[in-house]
There are 2 protein chains.
Amino acid sequence: MKLTTLSTEERIIKAASKIFISKGYAGARMQEIADEAGINKAMLHYYYRSKDKLFRVIALASFKEIIPRIGHLIEKDLPLLEKLAAIVDTYLTTFKSNPNLPLFILNELTQQGDEFIDELKAQVAELPRFEYLFAQIQKEVEDGNIRPVLPFHLLLTTMSMTIFPFVCRPVFTGLIGVTNSQYDEIIGSRKEHIVAFLTHALKT
Amino acid sequence: MKLTTLSTEERIIKAASKIFISKGYAGARMQEIADEAGINKAMLHYYYRSKDKLFRVIALASFKEIIPRIGHLIEKDLPLLEKLAAIVDTYLTTFKSNPNLPLFILNELTQQGDEFIDELKAQVAELPRFEYLFAQIQKEVEDGNIRPVLPFHLLLTTMSMTIFPFVCRPVFTGLIGVTNSQYDEIIGSRKEHIVAFLTHALKT
DNA sequence: GTCTATAGCTGGATAGAC
DNA sequence: GTCTATCCAGCTATAGAC
């Protein structure tokens, strides 16, 4: 159990990730990142020239870690329902260990300008080719294996059911009287619900 | 077509809503709100003492407008699927005319502190009593009218399918090559998809 | 590389004339 | 009520010693 064996640079990245992902770009403060890393502000600028540069390192790294995970799943040769289940499982696993990430991504994707998006697209090796998934869905419909459904709707529905619970937690824990552990339980049993739901909804 | 017949106070509210809801509390600037309203910063402080106060007026008003809309639906005496369809329709209609609202709400509910949540709870006349909906779902399951499902999962799924598309738009329009009008079409046909999906997924 | 001190600016808030 | 001018705190960023 090594405690502070991390290099300064690693500590900065770790601290900046935590602060940026929980507070967002506009809400984050360089001072808070420095405190979290156990150094001072000057160090942040020494390693990464500006708040903006540091943010991009963090944000791009986060995005680049998520995107390929489902990217390669999509092109895999798997039966449709198994593939959807694998996508659901990947998202759930990823976000369970980083519950603030979904809101962060959605937020910065809407707030940051086009240059940011372009930089992201340029850096991500390969964006998921959803056409591949859409074609597979289309074929299943045509073969009569599943109920007719617009492929994009099915993708959107699958992603919605899986990711939205992570971003709407405060609606239930804050406003309605759901406790955090009750909510964790729901998230824990989410996969079974989603897979069962998809299975029955697609049955011919 | 009255152009500037609005009182200063109305103009401030309108401008502040626009800026706060699209940029969030941390990202909004008083100067930008003043510009949008066609006045100067001093006026903002004259009417609402601080950024914080102004924000609360806007945020609480937004929340208070949304919450009761489904609150009363939930306790209505309607068959389950019709009730779910009505909830879906209400959300879709509300957010189609204010597409930034969902992300704003989710965001501020996670960013703002407990005092904000408490103030919100105190001001909202009545929070939706989901127990009522849960009991109805439970009964339908017990009567064998729908497939067994945990009531909270069903609510979460319904809300997810309906609201998430509004917050994940930039994922598809920014990263994947979906155009905004294509995405609007999807949102336009969303209700039919969701209702059909729910119907088939719940069939015994 | 790491620190302290501080410059420089942005943005929220106020004073005071009209 | 509305404006201009200005203050001042907080934050990003840099200078310079060690």
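Order of the sequence lines sets the chain letters (A, B, ...), proteins ahead of strands, with each chain counted from 1. Since we're looking at a predicted model, the values are computed, not measured.
Distances were taken from every side-chain heavy atom of T8(B) (C-beta onward) to each of dT12(D), dT2(D), dT2(C); the shortest belongs to dT2(D). Closest to the side chain of M30(B), out of dA13(C), dT14(D), dT12(D), is dA13(C). Closest contact between the side chain of K51(A) and the listed nucleotides dG12(C), dG1(C), dT12(D) involves dT12(D).
For the pair R190(B) and D89(B), the salt-bridge criterion is not met [side-chain N within less than 4.0 Å of a carboxylate O]. Salt-bridge check for K14(B) with E36(B): failed, with every basic side-chain N at 4.0 Å or more from each acidic carboxylate O.
Of the residues in residues 37-45 of chain B, those lying under 4.0 Å from DNA chain C by heavy-atom distance are K41(B), A42(B), H45(B).
If you measure from atom CG of D35(A) to atom P of dC11(D), you get 11 Å, rounded to the nearest angstrom. Look at CD on E32(A): it is 15 Å from P on dG10(D), rounded to the nearest Å. Note: CD1 (I12(B)) to P (dG12(C)) measures 14 Å, nearest angstrom. Between L54(A) atom CG and dC11(D) atom P the separation is 16 Å, expressed in whole Å. Nucleotide dC3(C) holds its C1' atom 13 Å from the OH atom of Y46(A), rounded to whole Å. Atom CZ in R49(A) sits roughly 10 Å away from atom C1' in dT14(D) (whole-Å rounding). Here the C1' atom of nucleotide dT2(D) and the CZ atom of R11(B) are 11 Å apart, to the nearest Å. Between the CD1 atom of I33(B) and the C1' atom of dG11(C) there is a distance of 12 Å, rounded to whole Å.
Using the six-membered ring where Trp is involved, Y25(A) and F20(A) have ring planes that are parallel, under 30° apart on the 30 and 60° scheme.
Using a distance-only test at 3.5 Å, with no hydrogens or angles considered, a donor-acceptor pair links the side chain of Y183(A) to the main chain of P165(A).
For S22(B), the side chain to side chain contact (heavy atoms under 4.5 Å, CB included) criterion is met by N100(B), not counting sequence neighbours.
Within the model, atoms OH of Y91(A) and OG1 of T158(A) stand 10.0 Å from one another, a figure rounded to the nearest 0.5 Å.
Between H193(B) and T157(A), the closest side-chain pair of non-hydrogen atoms falls below 4.5 Å.
Residue Y47(B) is the one, among R29(A) and Y47(B), whose nearest nucleotide of DNA chain D lies closer to the 5' end (criterion: closest heavy atom).
Within the nucleic acid shown, A28(B) comes within 4.0 Å of sugar-phosphate atoms alone, with no base atom in reach, counting heavy atoms only.
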